[in-house]
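Taking it in order: structure first as structure tokens, then the write-up.
FYI, the numbering just counts along the sequence from 1.
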Amino acid sequence: MVSLKSLLGKEVITSDGAYVGEVVDVEISEDWRVAKLIVRLGRDAAKALGSRLAMRPRGAVDVSKVKGLGDYVTLSVNFSELKEAAELL
């Protein structure tokens with residue numbers, strides 16, 4: 001089991017090692033499960049998702065796209081597939 005405290009601040013990377021951003025919050029579903037990770041996006045990830053680079057662009061990543069959790073949160077998609085796993089907020 002992972003605590004929210006240990007999850008916040010973790011870097012998020014794609015399956016091919018590209019930097020996506022840093023976990024800043026989570027979205028909880030009605031049945032009290034973590035549904036999405038809220039990520040402060042890095043420049044390249046923000047551009048890939050269509051952001052015009054606001055001061056602090058954020059995105060939501062569905063937890064079904066999380067492949068692993070260790071030193072990083074690793075997504076199951078590569079950088080070119082990022083739009084399928086995340087959405088701008």
Decide side-chain contact (heavy atoms from CB on, under 4.5 Å) for V39 and V24; before the verdict, give the C-alpha distance in whole Å, the side-chain angles of both, and the deciding distance to 0.1 Å. CA-CA 6 Å; V39 178; V24 293; over 6 Å; no
Assess the residue pair V61 and V23 against the criterion (side-chain contact (heavy atoms from CB on, under 4.5 Å)); give the C-alpha distance rounded to whole Å, side-chain angles, the decisive distance to 0.1 Å, and a yes or no. CA-CA 10 Å; V61 177; V23 177; over 6 Å; no
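In terms of the side chain to side chain contact (heavy atoms under 4.5 Å, CB included) criterion, residue partners of I13 (sequence neighbours excluded) are, by chain and number, Y72, T74. Applying the side-chain hydrogen bond (donor to acceptor under 3.5 Å, both in side chains) rule to K36 yields the partners E87; only residues at least two apart in sequence or on another chain are considered. Residues meeting the salt bridge (Lys or Arg N to Asp or Glu O under 4.0 Å) test with K10, sequence neighbours left out: none. Legend: residues meeting side-chain hydrogen bond (donor to acceptor under 3.5 Å, both in side chains) with D25, ordered by chain and number and at least two apart, are absent. E11 pairs by the side-chain hydrogen bond (donor to acceptor under 3.5 Å, both in side chains) definition with nothing, not counting sequence neighbours. In this structure D31 satisfies the side chain to side chain contact (heavy atoms under 4.5 Å, CB included) test together with S29, R33, sequence neighbours excluded. Judged as a side chain to side chain contact (heavy atoms under 4.5 Å, CB included), and not counting sequence neighbours, the contacts of A18 are T14, D16, F79. By the side-chain hydrogen bond (donor to acceptor under 3.5 Å, both in side chains) test, S80 is found to be paired with N78, residues two or more places apart in sequence or in another chain being considered. Taking the side chain to side chain contact (heavy atoms under 4.5 Å, CB included) definition, one finds that V34 meets it with V26, I28, L37, V63, sequence neighbours left out.
Between the side chain of S76 and the backbone N or O of V66 there is no donor-acceptor pair closer than 3.5 Å.
V73 has its side chain out of reach of V20: every pair of non-hydrogen atoms, C-beta onward, lies at least 4.5 Å apart.
By the criterion of side-chain heavy atoms lying less than 4.5 angstrom apart, applied directly or through intervening Ile, Leu, Val, Met, Phe, Trp or Tyr residues, V12 is grouped together with L7 in one hydrophobic cluster. Put simply, V2 and I38 are part of two different groups of oily side chains (I, L, V, M, F, W, Y) that touch within less than 4.5 Å, one to the next.
Atom CG of L41 and atom CG of L49 lie 6.0 Å apart (nearest 0.5 Å). The line from CG of L89 to CZ of R40 is 13.0 Å long, rounded to the nearest 0.5 Å.
Residue pairs meeting the salt bridge (Lys or Arg N to Asp or Glu O under 4.0 Å) criterion with at least one partner in residues 59-75, sequence neighbours excluded, do not occur; the list is empty.
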